[in-house]
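Only this structure's heavy atoms are used, side chains among them; waters, hydrogens and symmetry mates stay out.
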Amino acid sequence: MRIGQLPLDEQLVALRAALTRNEVLMDVLDRAARLDLPGWYVTAGAVFQTVWNTVTGRPATFGIKDYDLFYFDPADLSWEAEDQVIQRSRPLFEEVTAQVEIRNEARVHLWYEAKFGVACAPYAGTEDAIDSFAATTCCIGIRLDGSRWRVYAPHGLADVFNMVVRPNPVLAPREVYEDKSRRWRQEWPELTVLPWPTSATP
């Protein structure tokens with residue numbers, strides 16, 4: 001039986017086993033916890049691509065461009081406040097052998113339309129940001145609370161373990177999904193990429 005067909009509690013055990021193979025990810029998680037940022041998660045490619053690498057027998061860090069650290073602080077939506085967090089984190093992450101991208105998801109609506117061409121309503125929390133990724137497969141966030149793992153996975157884990165890329169047409173435009181999918185297929189040709197639904201807006 002494939003991992004994606006296991007009961008969810010067993011998939012969570014398998015997820016933790018897969019992610020702990022990636023020593024860089026574990027280092028980022030440990031250091032991120034020390035920052036104590038509100039509503040933080042390590043998310044996106046660093047998480048689901050580590051699982052893909054486990055499933056396909058590749059090195060744990062294969063193909064991972066960076067490690068996305070999201071947090072949510074609506075108290076100050078200025079770029080300067082976000083940059084202060086970025087600068088404060090630099091000494092903490094300087095020994096990490098990968099790029100760590102830190103973003104305050106409370107201010108995404110201020111720049112999203114200029115970058116992607118569609119308006120983005122203000123998020124209510126980091127979970128909203130994760131919910132809006134272009135593919136449901138990407139929608140996983142991980143954080144450590146002491147020894148406890150906190151996993152946010154609104155679409156479950158089956159597609160991630162089954163290497164299925166499924167569109168999530170709630171915000172990101174079609175071209176973002178297709179560009180990402182094309183890039184991922186170059187690194188992980190085993191992926192099954194589902195088409196953008198015809199009923200969704202382009």
Partner set under side-chain contact (heavy atoms from CB on, under 4.5 Å) for [X], not counting sequence neighbours:
X	result
Pro74	Phe72, Ala106
Asp27	Arg31, Val96
Glu23	none
Thr54	Ala18, Arg21

With sequence neighbours excluded, tell me which residues meet salt bridge (Lys or Arg N to Asp or Glu O under 4.0 Å) with [X].
X	value
Glu178	Arg174
Glu10	none
Arg185	none
Arg34	Asp30

Report task. Decide, yes or no, whether a salt bridge links Arg182 with Glu175 under the criterion of side-chain N to carboxylate O below 4.0 Å. Result -> no
Query raised in the report: Which pairs, with at least one residue in residues 122-131 and sequence neighbours excluded, count as a side-chain hydrogen bond (donor to acceptor under 3.5 Å, both in side chains)?
Result: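 side-chain hydrogen bond (donor to acceptor under 3.5 Å, both in side chains) check on residues 122-131 returns Tyr41-Glu127, Tyr123-Ser132, Asp131-Tyr152.
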**Report entry** side chain to side chain donor-acceptor pair (under 3.5 Å) between Asp36 and Tyr71, worked out
**Finding:** CA-CA 10 Å; Asp36 196 28; Tyr71 71 99; over 6 Å; no
Query - Qualifying residues under side chain to side chain donor-acceptor pair (under 3.5 Å), relative to Ser78, sequence neighbours excluded - result: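 With neighbours one apart ignored, the set is Asp76.
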Report task. Linking directly or through intermediates, with side-chain heavy atoms under 4.5 Å: list the remaining ILVMFWY members grouped with Leu110, chain and number order. Result -> Leu77
Report task. Measure across Thr136 and Pro167 and return the closest heavy-atom pair with its distance rounded to 0.1 Å. Result -> CG2-O, 3.8 Å
Requested in this report: List for me each residue that meets ring-ring contact (aromatic ring centres under 6.0 Å, His included) alongside Trp40, sequence neighbours excluded, and say none if there are none.
Outcome: none
